[in-house]
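To start, the structure itself, in structure tokens.
For ligands, and for the atoms within them, numbers begin at 1 and follow the listed sequence.
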Amino acid sequence: MTGQYDLVVIGAGIHGAGAAQAAAAAGHSVLVLEQAGVASATSCRSSKLIHGGLRYLESGQFNLVRESLRERDILLRVAPQLVRLVPFHIPVYRHTARRPWQIRAGLSLYAMLGSLRRQAWFAALPRAQWGALDGLATENLQAVFRYHDAQTDDAALTQAVMRSAQSLGAELVVPGEFLGAQRTAKGYAVRYRTPQGEAESHCMALVNAAGPWINSVLAGITPQLPATPIELVQGTHIVLDGPLQRGVYYTEAEDGRAVFVMPWRGMTLVGTTETRFHGDPAQVRPQNTEVEYLLRTFRRYFPERDARVRDQFAGLRVLPLAEGAVFHRPRETLYTTDAASPARLVSIYGGKLTGYRATAQKALALLRPALPRVRARADTATLTLSP
Ligand SMILES: Cc1cc2nc3c(=O)[nH]c(=O)nc-3n(C[C@H](O)[C@H](O)[C@H](O)COP(=O)(O)OP(=O)(O)OC[C@H]3O[C@@H](n4cnc5c(N)ncnc54)[C@H](O)[C@@H]3O)c2cc1C
């Protein structure tokens with residue numbers, strides 16, 4: 001198979017699907033190469049939250065929170081069957097690190113940065129309602145705050161974005177493993193493997209959205225480009241028996257980290273951990289110590305509930321290498337380009353499910369000078385996404 005495209009996208013996780021949708025909506029011809037399956041890696045192993053990230057306020061990442069809340073609102077509008085608003089609860093105990101006034105201040109700022117209608121802001125629940133919170137422990141409980149954020153099915157959302165890209169003309173090859181790319185006068189010659197054999201396509205620009213494989217994809221590009229040093233951080237979730245009726249709970253583990261307890265397909269999803277990972281990203285698996293840590297946290301907050309583990313999964317965060325605890329690292333997306341002028345390659349490091357649309361727009365903006373002038377077909381901020 002050979003072909004000529006404006007853009008080739010490597011990877012069909014949420015970022016690859018988002019980049020393909022943005023480029024196809026802008027009127028470009030697009031080829032997406034995916035080695036395993038749409039949403040087969042990180043984008044089916046997240047916490048499935050479409051949120052601003054309340055805890056990022058503590059590290060002053062206001063732009064990230066503001067943009068994520070804006071994207072949450074767009075997704076609530078364009079994907080109502082896939083993204084829905086859910087009540088979130090923050091219980092404050094005598095032992096928890098943050099005091100009620102701190103939670104109140106954080107939630108006030110969060111409400112101001114977002115634009116939900118007033119009723120969906122936040123409230124402190126009256127003590128009389130504490131007993132109806134899915135068996136939440138009430139001993140030493142001092143306050144429970146309720147606010148609203150959104151939940152999704154990450155794999156279904158990614159597939160919907162990919163289908164939207166395809167309906168706008170993007171082509172998807174799966175399995176289609178990127179093997180390498182060589183700079184040409186007008187872009188890149190891209191080699192990839194399909195079950196039918198090796199193929200080559202030509203493009204004016206390339207998006208590297210290979211998630212945890214980002215630097216091995218980069219290593220296959222000639223001339224060679226310096227890779228941004230990264231750290232892969234494993235996040236494990238467990239799925240427990242029994243539904244949650246009242247929404248999501250934002251709990252604090254023994255080491256002070258946030259652990260979400262969430263309703264998920266009639267069961268309870270608990271996550272996540274943060275463990276450094278070395279090795280082949282395809283081999284990431286939950287570790288026993290992580291499962292135990294999550295179970296301990298769950299039992300501490302819901303001592304009377306069933307804690308039978310029905311399922312478990314782990315995904316990898318891509319974080320630029322830096323000093324200090326992983327939990328407190330900035331979560332802004334990093335974009336790197338090749339040395340060409342105009343840039344013809346952009347690599348997307350990190351990012352969030354929530355912000356995929358904005359991320360895709362930024363990646364495309366970096367490549368726009370290398371792409372032909374075309375007439376836009378649609379606007380991703382208004383295109384409906386259906387399961
Ligand atoms: C534990 C955890 C919890 C998270 N929770 C949330 C959350 O609640 N909310 C939120 O907004 N964000 C969350 N995130 C972040 C979010 O999930 C990720 O940023 C996002 O899913 C990454 O998507 P991606 O497309 O970059 O990577 P991936 O989904 O990993 O996709 C990369 C794709 O590239 C393909 N690929 C790799 N190499 C090749 C090759 N050579 N040829 C062809 N294809 C290739 C892979 O097969 C894969 O499908 C979480 C992340 C983690 C790890």
Side-chain angles (χ1 to χ4, degrees), residues 8-20 31-53 56 64 67-69 71-72 75 83 149-155 157-159 161-162 172-181 190-194 207-221 232-237 248 258-260 262 264 269 271-275 277 280-282 284 286 290 294 313-319 326 331-334 347-360 363:
V8 168
V9 178
I10 305 157
I14 192 66
H15 289 134
L31 173 70
V32 182
L33 301 175
E34 168 51 53
Q35 63 185 3
V38 176
S40 58
T42 324
S43 300
C44 69
R45 301 176 202 158
S46 78
S47 299
K48 303 160 204 315
L49 299 178
I50 298 295
H51 64 158
Y56 303 138
L64 174 66
E67 178 182 275
S68 301
L69 289 173
E71 290 301 314
R72 177 192 69 183
L75 285 173
V83 179
D149 242 327
Q151 245 193 323
T152 191
D153 176 329
D154 47 4
L157 178 67
T158 304
Q159 282 153 5
V161 176
M162 194 64 236
L172 169 68
V173 177
V174 55
E177 184 193 1
F178 170 85
L179 298 174
V190 180
R191 282 185 308 109
Y192 53 98
R193 186 169 22 233
T194 73
V207 173
N208 176 2
W213 292 267
I214 191 162
N215 282 346
S216 41
V217 161
L218 209 54
I221 296 177
L232 296 180
V233 178
Q234 158 163 354
T236 286
H237 287 87
V248 173
V259 169
F260 286 108
M262 300 163 279
W264 177 241
L269 180 64
T272 69
T273 55
E274 275 174 349
T275 313
F277 177 87
D280 175 3
V284 61
E290 295 178 304
L294 293 174
F313 56 88
L316 292 171
R317 293 179 200 279
V318 177
L319 296 181
V326 166
R331 296 294 159 96
E332 303 277 0
T333 313
L334 183 72
S347 299
I348 302 172
Y349 286 87
K352 294 191 60 77
L353 190 72
T354 306
Y356 80 85
R357 212 195 53 86
T359 298

* Any idea which part of Ala209 is under 4.0 Å from ligand 1, heavy-atom wise: side chain, backbone, both or neither? ->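 It is the backbone that touches ligand 1; the side chain stays farther off.
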
* To do: Pick one of side chain, backbone, both or neither for how Leu316 approaches ligand 1, counting any non-hydrogen atom pair under 4.0 Å.
  =>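 Answer for Leu316: backbone.
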
Geometric N/O contact [X] with ligand 1, under 3.5 angstrom:
| X | value |
| --- | --- |
| Gly235 | no |
| Ile50 | no |
| Val217 | no |
| His237 | no |
| Thr236 | no |
| Glu177 | no |

* Determine, stepwise, if the pair Glu67 / Thr333 fulfils side chain to side chain contact (heavy atoms under 4.5 Å, CB included). => CA-CA 12 Å; Glu67 178 182 275; Thr333 313; over 6 Å; no

For [X], counting its heavy atoms only, list the atoms of ligand 1 lying under 4.0 Å from any of them.
| X | answer |
| --- | --- |
| Gly176 | 42 (N), 43 (C) |
| Lys48 | 8 (O) |
| Phe178 | 40 (C), 41 (N), 42 (N), 43 (C) |
| Ala41 | 30 (O), 48 (C) |
| Trp213 | 37 (C), 38 (N), 46 (C) |
| Ser40 | 49 (O) |
| Pro212 | 30 (O) |
| Arg45 | 1 (C), 2 (C) |

* To do: First locate atom CZ of Arg191, then atom CZ of Phe178, and finally report the distance between them rounded to the nearest 0.5 Å.
  =>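 Arg191 atom CZ to Phe178 atom CZ measures 8.0 Å (nearest 0.5 Å).
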
* Asked: At what distance, to the nearest 0.5 angstrom, does CD of Glu34 lie from CD of Glu177?
  ->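 These two atoms lie 10.5 Å from each other.
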
* Asked: Given the rule in the side chain to side chain contact (heavy atoms under 4.5 Å, CB included) test, do Ile348 and Thr359 qualify, once you have shown the distances and angles that lead to the verdict?
  -> CA-CA 8 Å; Ile348 302 172; Thr359 298; 3.8 Å; yes

* **From Gln159, Arg45, Lys48, residue fulfilling side chain to side chain donor-acceptor pair (under 3.5 Å) relative to Asp154** =>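 With Asp154 as partner, side chain to side chain donor-acceptor pair (under 3.5 Å) holds for just one option, Lys48.
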
* Asked: Heavy atom of Gly220 under 4.0 Å from ligand 1?
  ->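 It does not, in that no heavy atom of Gly220 comes within the 4.0 Å cut-off of ligand 1.
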
What residue and atom, counting heavy atoms only, is the protein's closest point to [atom], and at what distance?
| atom | value |
| --- | --- |
| atom 37 (C) of ligand 1 | Gln35 NE2, 3.4 Å |
| atom 23 (O) of ligand 1 | Ser43 OG, 3.2 Å |
| atom 5 (N) of ligand 1 | Ser47 N, 2.9 Å |
| atom 19 (O) of ligand 1 | Gly351 O, 2.7 Å |
| atom 47 (O) of ligand 1 | Glu34 OE2, 2.7 Å |
| atom 28 (P) of ligand 1 | Thr42 OG1, 3.6 Å |
| atom 12 (N) of ligand 1 | Leu353 N, 3.1 Å |
| atom 24 (P) of ligand 1 | His15 ND1, 3.5 Å |

* Does Leu49 offer a backbone N or O that forms a donor-acceptor pair with the side chain of Thr354 under 3.5 Å? ->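 Yes, because the side chain of Thr354 sits within donor-acceptor range (under 3.5 Å) of the backbone of Leu49.
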
* To do: Give a yes or no answer on whether the side chain of Thr273 reaches the backbone of Thr236 with a donor-acceptor pair at less than 3.5 Å.
  =>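 Here the side-chain-to-backbone pair exists.
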
* To do: For the pair Thr158 and Cys44, evaluate side chain to side chain contact (heavy atoms under 4.5 Å, CB included) and give the outcome as yes or no after the intermediate values.
  => CA-CA 8 Å; Thr158 304; Cys44 69; over 6 Å; no

* Asked: Closest approach of Gly351 and His15, non-hydrogen atoms and distance?
  ->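 In this case the closest contact between Gly351 and His15 is CA-CE1, 3.8 Å.
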
* Asked: Under 30°, 30 to 60°, or over 60°: which ring-plane class applies to Phe313 and His237, parallel, tilted or perpendicular?
  ->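 Taking His237 first and then Phe313, their aromatic rings lie parallel (interplane angle under 30°).
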
* Asked: Hey, are the side chains of Ser46 and Lys352 touching, using non-hydrogen atoms and a 4.5 Å cut-off?
  ->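 Ser46 does not reach Lys352 side chain to side chain.
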
